[in-house]
Peer 1: 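Got a structure here, written out as structure tokens. Questions coming.
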Protein chains: 2
Amino acid sequence: MSSSRKVKAAETEAALKEAARRLFVEQGFLKTKITDITKAAGRSTGSFYEHFASKDDLLVVLLLDMHGQAHDSLAGAHPREHDLTDRAQLRTHVAVTWQVMKDNFPVMVAMRDAAAAKGAGAAELWEQLVDDTSVLKGHLDYAREQGRELPGDSTLLAAAMGGLISTLAFALMSTDDPPYSDDEVVDTITDLLLRGLRGAG
Amino acid sequence: MSSSRKVKAAETEAALKEAARRLFVEQGFLKTKITDITKAAGRSTGSFYEHFASKDDLLVVLLLDMHGQAHDSLAGAHPREHDLTDRAQLRTHVAVTWQVMKDNFPVMVAMRDAAAAKGAGAAELWEQLVDDTSVLKGHLDYAREQGRELPGDSTLLAAAMGGLISTLAFALMSTDDPPYSDDEVVDTITDLLLRGLRGAG
DNA sequence: GTCTATAAAAAGATAGAC
DNA sequence: GTCTATCTTTTTATAGAC
């Protein structure tokens, strides 16, 4: 196995990406040095630059990988007629978001760290959040068109929901000994968003 | 003015802190170099180390300043008997949290960036979030003791609420041209948490 | 394509004059 | 206490042999 030059190159690139994903979770994107990645992958410093122009470039590649997966599992065709005030449908959205974040946790961590290093300002963060929650906003707009009363602007509400989920996802996704099960978290988020604190109406 | 040696030193320290707070918002904690701070404050590199041992030490000092303020304005005596299912009381909590974050935005930004640089893992983030929302958790526990039904574990719920508020605060606190007024955001968050998406019950 | 050795860049921290 | 000039450390990136 691993005979031809081309195959060996692909193996090296895969090994580097795998090592990077693991290290990003363990110690963060910024704290992970290129030499850490090459060492973990059993490769040399120089070899890294044969595959990636920089650490940021590696992150871009990982991001593209993620988008490929996400597209397959989720974005196929997503009608905006989903009713987020229906518990089952809301729960599905929460669960899918949760799962995507879980599957791509290394990339999410790295993106967050990279944003901090870049000095991303409030404006960029807001745009990112709005973009990430555009699907939710679409559903909320549809609900309002159907005569539903919502407690605020749909963009703001969608961002609030997304912020809640992503913060909890980051905080809770320790690899070992999670304090809550996925189902418990998804159910709690769903019910909080659905009924609010006043209890089942 | 600014005569004695002691006074001049205090002025320098204040100027460094002020410059740091401004730069942390403009370009983030990590991107802000010590020489940026000294330059902005009209001081020299060497002078910085007369007042702070490092950039991290400066952040600790700013954090202590913040805690001093927060203690005065908020923590005096906070009874846990507040009813978060009462709109007015919930709104007050949301508004106070929002205001504290707004007043200390430079420090919040710096803390977030520093955590990213340190490679803070999921476990640390979760502990931090639980700590920051312990007051909310107290109220929720009290509500449950009073026979209220809540949609999940109080620690998890409090963390979810805190995550929602802090994410929006970060995203929306651009210095210029805010897309929503403070009141609008606080009202929306309050109503979302209070009633959920099902509308006024 | 991969390796070792080394250069280059960036930022933090210090020494010593004033 | 503050300044200028310099040293050290850290990490990225490249050169050249294999």
Peer 1: Quick one: is A:T35 getting a side-chain N or O under 4.0 Å of the D:dT11 phosphate, OP1 or OP2?
Peer 2: no
Peer 1: Specify the separation, in whole Å, of atom CG of B:D57 and atom C1' of C:dA13.
Peer 2: 14 Å
Peer 1: Rounded to the Å, how far apart are B:D56 CG and C:dG12 C1'?
Peer 2: 11 Å
Peer 1: Specify the separation, in whole Å, of atom CG of B:L16 and atom C1' of D:dT2.
Peer 2: 11 Å
Peer 1: Round to the nearest Å and state the distance from A:F29 atom CZ to D:dT11 atom P.
Peer 2: 14 Å
Peer 1: Quick one: NZ on A:K33 to NZ on A:K39, what's the gap to the nearest 0.5 Å?
Peer 2: 12.5 Å
Peer 1: From D:dT2, C:dA13, C:dT2, pick the nucleotide closest to the side chain of B:S54?
Peer 2: C:dA13
Peer 1: Can you measure B:F52 atom CZ to D:dT2 atom P for me and round it to whole angstrom units?
Peer 2: 11 Å
Peer 1: Using a strict 4.0 Å threshold on nitrogen-to-oxygen distance, state whether A:E26 and A:R22 make a salt bridge.
Peer 2: yes
Peer 1: Is any side-chain N or O of A:H51 closer than 4.0 Å to OP1 or OP2 of C:dG1?
Peer 2: no
Peer 1: Would you give the length of the straight line joining atom CG of B:L164 to atom CG of A:L192, rounded to the nearest 0.5 angstrom?
Peer 2: 8.0 Å
Peer 1: Could you state the atom-to-atom distance from CZ of A:F48 to P of D:dT14 in whole Å?
Peer 2: 12 Å
Peer 1: Nearest to the side chain of B:R43, heavy atoms from C-beta on, is which of D:dC3, C:dT2, D:dT12?
Peer 2: D:dC3
Peer 1: For residues 100-115 of chain A, dump all side-chain donor-acceptor pairs below 3.5 Å to protein atoms at least two apart in sequence or in another chain.
Peer 2:
| unit_1 | atom_1 | unit_2 | atom_2 | d |
| --- | --- | --- | --- | --- |
| A:K102 | NZ | A:D182 | OD1 | 3.2 |
| A:K102 | NZ | A:D182 | OD2 | 2.5 |
| A:D103 | OD1 | A:Q99 | NE2 | 3.0 |
| A:N104 | ND2 | A:V100 | O | 3.0 |
| A:D113 | OD2 | A:F29 | N | 2.9 |

Peer 1: Would one find more than 12 heavy atoms of other residues, nucleotides or ligands at under 6.0 Å from atom CD of B:E18?
Peer 2: no
Peer 1: Which comes earlier along DNA chain C counting from the 5' end, the contact point of A:E50 or that of A:T45, where each point is its nearest nucleotide?
Peer 2: A:E50
Peer 1: In whole Å, I'd like the distance from the NZ atom of A:K33 to the C1' atom of D:dT10.
Peer 2: 8 Å
Peer 1: Separation of B:K55 atom NZ from C:dG12 atom P, in whole Å?
Peer 2: 5 Å
Peer 1: Taking the side chain of B:Y49 as heavy atoms from C-beta outward, which of D:dT14, C:dT2, C:dG12 is closest to it?
Peer 2: C:dG12
